[in-house]
Amino acid sequence: MLKKWMNQFIFSCKDVSFQVCNQGSQGLLTRFRLFLHRLICGPCRDYMTQIEQMDSSVKLLIGERQDQFERSKLDELTKRIINKHGK
Amino acid sequence: MSKDNFSSSEFIERLKKKEMQAVSLLVEKYNVVLFRGAMAQLKEPVASEEVVAETWEAFFAAIERFEAKSHIRTFLFGILYNKIRERRRHSARFVDLENPDPLIDMQFANDGHWANQPMDPERFVGASQDLEAVENCLEALAEKQKQAFYLQEVEGESREEICKILEVTSTNLGVLIYRAKNQLRLCLEAKAVSL
């Protein structure tokens, strides 16, 4: 009964999963509906936590990739481009 | 110099004249940003360096025609991603935005509730902290999904700017991000099961 009501008046879990991935682009009402759903739906809470964990891992990975390339080489590239294109 | 000043008409004029100080300011500010963006897509430092150099070549060749309708950073990322696309033209995967994604749909029943409930985050965290697993899953994403995800989550670009860079509508961007995150999540769940 509660699930049916949630689907009609708040969100379905599928809607929640879409909104969670696109946070920052919603209006106040959508954010409030999302908040309500988060309070009462356990699997949606798990889903949101997973998405947050994943986002921070990707940021860490990309930071590590950049570290593979020596800073001095990047400075060299910067100088080369400036000297080539600047007068 | 703030991000906004790079798009001032005075600064653009100085760039069109290839004034050394203006060129230095711009390249010093954005070379690292572009390199990081290239590394996120290509993984290889040498290939990334080449693509960044090509991006600057194209930028300075096109600066005469730049009308400052978009931010200079948007313009640079647009060129960068075109260069990456050119490089990958033969291996690029088609991203179908119109049709539903069966992988995502399988997660939900017809009434919109979970058919397959997400894994307990405590189990999931093991796979998400294994950077090799994250890397493999990230590589499996279609190019545009990866770019949208990177620009939003790592670079923190506004949705408006991302739409301009990737040449997609706001709705399509939502779908790209949604699919990227779900494919990554499902891939990492599968890795967590095998841990």
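Small disclaimer: the values here were computed from a predicted structure and weren't measured.
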What's the spacing between [X] [atom1] and [Y] [atom2] if we round to 0.5 Å?
X	Y	atom1	atom2	answer
B/Trp56	A/Lys84	CH2	NZ	13.5 Å
B/Leu138	A/Leu61	CG	CG	6.5 Å
A/Lys73	B/Phe35	NZ	CZ	9.5 Å
B/Phe124	A/Ile51	CZ	CD1	7.0 Å
A/Ile62	B/Glu135	CD1	CD	9.0 Å
A/Asp75	B/Glu28	CG	CD	9.0 Å

Which residue out of B/Ser24, B/Ala53, B/Pro121 racks up the most heavy-atom pairs below 4.5 Å with chain A?
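Top option by heavy-atom pairs under 4.5 Å: B/Pro121.
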Greatest number of heavy atom pairs closer than 4.5 Å to chain A - which of B/Asp120, B/Val134, B/Val32, B/Ile104
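If we count pairs closer than 4.5 Å to chain A, B/Val32 comes out on top.
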How about [X] and [Y]: do any of their side-chain heavy atoms sit closer than 4.5 Å?
X	Y	value
A/Asn22	B/Arg159	yes
A/Lys87	B/Val23	no
B/Phe108	A/Ser17	yes
A/Asp46	B/Met119	no

Under a 4.5 Å heavy-atom cut-off, does chain A meet the side chain of [X], its backbone, both or neither?
X	result
B/Phe149	side chain
B/Leu188	side chain
B/Leu184	both

Mind running side chain to side chain contact (heavy atoms under 4.5 Å, CB included) on B/Glu57 and A/Ile81 for me, showing each step along the way?
CA-CA 9 Å; B/Glu57 284 288 335; A/Ile81 289 162; over 6 Å; no
Take a 6.0 Å sphere around [atom1] of [X] and say whether it holds more than 12 heavy atoms from other residues, nucleotides or ligands.
X	atom1	value
B/Glu44	CD	no
B/Glu160	CD	no
A/Lys79	NZ	no

Quick one: salt bridge (charged side-chain N to carboxylate O under 4.0 Å, His left out) partners of B/Glu19, sequence neighbours excluded?
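Result, salt bridge (charged side-chain N to carboxylate O under 4.0 Å, His left out) vs B/Glu19: B/Arg14.
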Out of [options], which one racks up the most heavy-atom pairs below 4.5 Å with chain B?
options	result
A/Gln50, A/Arg45, A/Lys14	A/Gln50
A/Thr49, A/Val58, A/Val20	A/Val58
A/Pro43, A/Ser56, A/Ser57	A/Pro43

Are B/Val33 and B/Val27 linked, directly or through intermediate hydrophobic residues, by side-chain heavy-atom contacts shorter than 4.5 Å (ILVMFWY only)?
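Both belong to a single hydrophobic cluster.
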Joint hydrophobic cluster, B/Val125 plus A/Leu60, side-chain heavy atoms closer than 4.5 Å
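No, B/Val125 and A/Leu60 fall in different hydrophobic clusters.
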Under the side-chain contact (heavy atoms from CB on, under 4.5 Å) test, residues paired with B/Leu186 that sit two or more places apart
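Only B/Leu103, B/Gln107, B/Glu189 meet the side-chain contact (heavy atoms from CB on, under 4.5 Å) criterion with B/Leu186.
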Name the orientation class of the two ring planes belonging to A/Tyr47 and B/Trp114 (parallel below 30°, tilted from 30 to 60°, perpendicular beyond 60°).
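Tilted, since the angle between the ring planes falls between 30° and 60°.
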